[in-house]
Amino acid sequence: MTRIAVHDSSVLIDLSNGDLFEAYLLLGYETLTTDFIVREVSKDSQPIAAWLQAHATITHYTPSEMLALKQRQLAVGSSISLEDASALYLAKDIDALLLTNDQRLRQVAKKLDVQVGGILLLMDALHTQRLLSGQHLTASLDAILGQGARLPADACAERRRKWHPK
Amino acid sequence: MATHDIQQGFGLRLRRLRERAGLSLGDLQAKLGDSLSRQAIHKYEKGKAMPSSANLIQLCDALQVEPDDLLAPSPRELQAVEFRRQAKFSAASQRRLRGALEIEFERLHALNEILGLRPKFKPPLQDFGTVATPADAERAAERLRKTWDLGHDAIPSLVTLLEAHGIHVHLESQNLPFYGASGRSGDIPIIVLNTHPEQTDPVRLRFTAAHELGHLILRLKPGLPARTQEALCHRFAGALLMPAVTLQQELGGAHRTKLAYYELIALKERYGLSLAALYQRAEQVGIIDKAQLKAWHLQRNRAGWRQDEPGDYQANETPTLFRQHLLRALAEEAVTVSKAAALANQPISEIRRWLKPSKAHP
């Protein structure tokens, strides 16, 4: 069965910074996101936006769906953006995996019983399925962290030990 | 919030942002590449329809705002913003700047609400009485230094000081024909400073900030002509940046028969006041007389120092408080990075750059 993953901007930016887009496709996820996320990442990187256009199913909202989305964003408080809310509720509505590294968004998602994962989950899968070498993954992780990704230090250290033991 | 309220709020904001941008319905429609009809935009503004996400994104791009800006609850207006302007500062340009400030304030209020911060500004001269004469303005500056515990030394960063006392400072980098402005949004006072090199320099920026502070906190006697009000705020600004007692100490106390500009360069570089303002202060506190001040003006004109006078002040006048609060919100996981990016009006990579360990951002 194809797994469905809904991306927020953080994981997309990390996939790009770690040069992992090509390998990610080999994991076989059906990739979904929203037009708000496409706009958000396009401010950082047109290539990521182009990759989404080529490889992802992009959700758009009708006027009544927009109203519902805004109501749902307000229901979880003012800590998340409309972009976050769009990815969060898309994942909830279709019972998909929400891919985000944002701790705050993960907390909100868990409260709503949305399954969450992040870039480390994808990199673990690339390692387990032997799609990339441990050395490659470690270099990617360095590149991702070097660009300011907020990943838990202990989890990163554990991955380094596992992927590329010295 | 009911869907009707969301739709109404969106309509109000859309209309206000369009008008602030100086756009007619037709202009906005043209900016959108005619993908929306004027009637459709009109219906949005009346709160009778909601856009699809595709149309909302187009509107955001055309008006250079974020979806959260257009869909935020209850719009707030800036109150009593007065520009110290030049004659050519058109009403349309002022309206556009007000629009940008309103968005900035909406974001500031939103962040304060997220962090549970209350406005901390307390009028520091509430019991001082009205200011009607230069001597009053001088005393008001002395009182403020005492109330804010500033002593008599140089103020290293006036902007930081203003922020610490709950005044929001906006630096405007567009080449618009005004020096500064002051006003408020709700309980938060605001000072706007034009930083464009054609409009200011580091010492002038500080003087303008102090002058605008005067407009915010002095209770000027009602009915004074505008010119007198400006002169009193000027006197207040000079006295705040360079207290009489300090200048007298620096220049030897008594009346001086001669005062050379090169003596004042070190003071300019330490206190962040122009040579012209220092000469003015020297006359105001009785160190030189009016004839000596006039002689300085002649020397300044002859040497071409009106535009570029000697001495170099290294200013440190950058607002940091909003960003500091945003970093706190991120550290406490009170906002997502995406929300922080929307509030800061920056791409996500810029927020990540702030969070990256480095010497600049520990």
Side-chain angles (χ1 to χ4, degrees), chain A residues 8-10 12-14 16-17 34-45 48 58-88 100-109 144-150 153, chain B residues 1-7 9-10 40 43-44 48-58 60-61 66-73 109-115 329-343 345-358 361:
Chain A
D8 85 342
S9 297
S10 62
L12 290 164
I13 292 170
D14 289 343
S16 171
N17 289 337
T34 71
D35 48 7
F36 289 114
I37 297 289
V38 175
R39 177 180 184 264
E40 188 176 49
V41 291
S42 70
K43 285 189 270 179
D44 269 310
S45 164
I48 300 179
I58 298 166
T59 298
H60 303 272
Y61 297 81
T62 64
S64 59
E65 288 168 344
M66 270 309 307
L67 276 173
L69 176 63
K70 184 65 198 176
Q71 275 189 311
R72 294 170 106 182
Q73 182 200 5
L74 290 169
V76 294
S78 46
S79 64
I80 69 169
S81 65
L82 193 72
E83 289 85 345
D84 292 322
S86 69
L88 172 69
T100 176
N101 295 325
D102 195 292
Q103 289 306 313
R104 178 69 194 164
L105 187 56
R106 289 165 79 108
Q107 287 165 11
V108 176
I144 290 165
L145 291 171
Q147 293 298 316
R150 300 173 88 198
Chain B
M1 190 187 278
T3 54
H4 173 263
D5 295 335
I6 294 173
Q7 214 160 282
F10 166 72
K43 271 172 96 172
Y44 297 156
K48 290 182 179 164
M50 192 72 183
S52 64
S53 56
N55 289 338
L56 179 67
I57 285 170
Q58 284 182 307
C60 287
D61 290 341
E66 296 303 310
D68 278 344
D69 295 324
L70 266 174
L71 290 170
H109 285 294
L111 182 57
N112 285 350
E113 275 168 26
I114 289 167
L115 287 173
L330 284 163
E332 293 176 355
E333 289 172 5
V335 292
T336 62
V337 171
S338 167
K339 183 71 182 181
L343 289 170
N345 195 25
Q346 297 286 343
I348 284 177
S349 59
E350 179 60 17
I351 304 298
R352 286 184 167 206
R353 201 180 63 77
W354 295 1
L355 303 174
K356 221 159 76 170
S358 73
H361 308 290

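Basis for what follows: all heavy atoms, side chains included, without hydrogens, waters or symmetry-related copies. Within every chain, numbering begins at 1; the chains are lettered A, B, ... in the order of the sequence lines, protein sequences first and strands thereafter. Just so it is clear, the model here is predicted, and its values are computed rather than measured.
Annotation: maximal heavy-atom pairing with chain A below 4.5 Å, among B/V335, B/T336, B/I351, B/L343, occurs at B/T336. The choice from A/L105, A/N101, A/D84 that makes the most heavy-atom pairs within less than 4.5 Å of chain B is A/D84. Counting heavy-atom pairs closer than 4.5 Å to chain B, the top-ranked of the candidates A/Q147, A/R106, A/H60 is A/Q147. Most heavy-atom pairs under 4.5 Å with chain A: of the set B/I114, B/I348, B/V337, this distinction falls to B/I348.
The closest donor-acceptor contact from the side chain of A/K70 to the backbone of B/L71 lies under 3.5 Å. Side-chain atoms of A/D44 do not come within 3.5 Å of backbone N or O of B/P347 as any donor-acceptor pair. A donor-acceptor contact shorter than 3.5 Å links the side chain of A/R150 to the backbone of B/L330.
For A/D14, the salt bridge (Lys or Arg N to Asp or Glu O under 4.0 Å) criterion is met by B/R352, not counting sequence neighbours. Among residues two or more places apart in sequence or in another chain, the side chain to side chain donor-acceptor pair (under 3.5 Å) test is passed with A/S64 by A/T62.
If you measure heavy-atom distances from A/D102 to chain B, the contacts under 4.5 Å come from the side chain alone. Both the backbone and the side chain of B/D61 come within less than 4.5 Å of a heavy atom of chain A. Only the side chain of B/L56 comes within contact range of chain A, with heavy atoms under 4.5 Å apart. Using a 4.5 Å cut-off between heavy atoms, A/A149 contacts chain B through both its backbone and its side chain. Proximity to chain B involves both the backbone and the side chain of A/S10, based on heavy atoms less than 4.5 angstrom apart.
At a threshold of 4.0 Å, the pair A/E65-A/R72 does not count as salt-bridged, since none of the basic side-chain nitrogens sits closer than that to a carboxylate oxygen.
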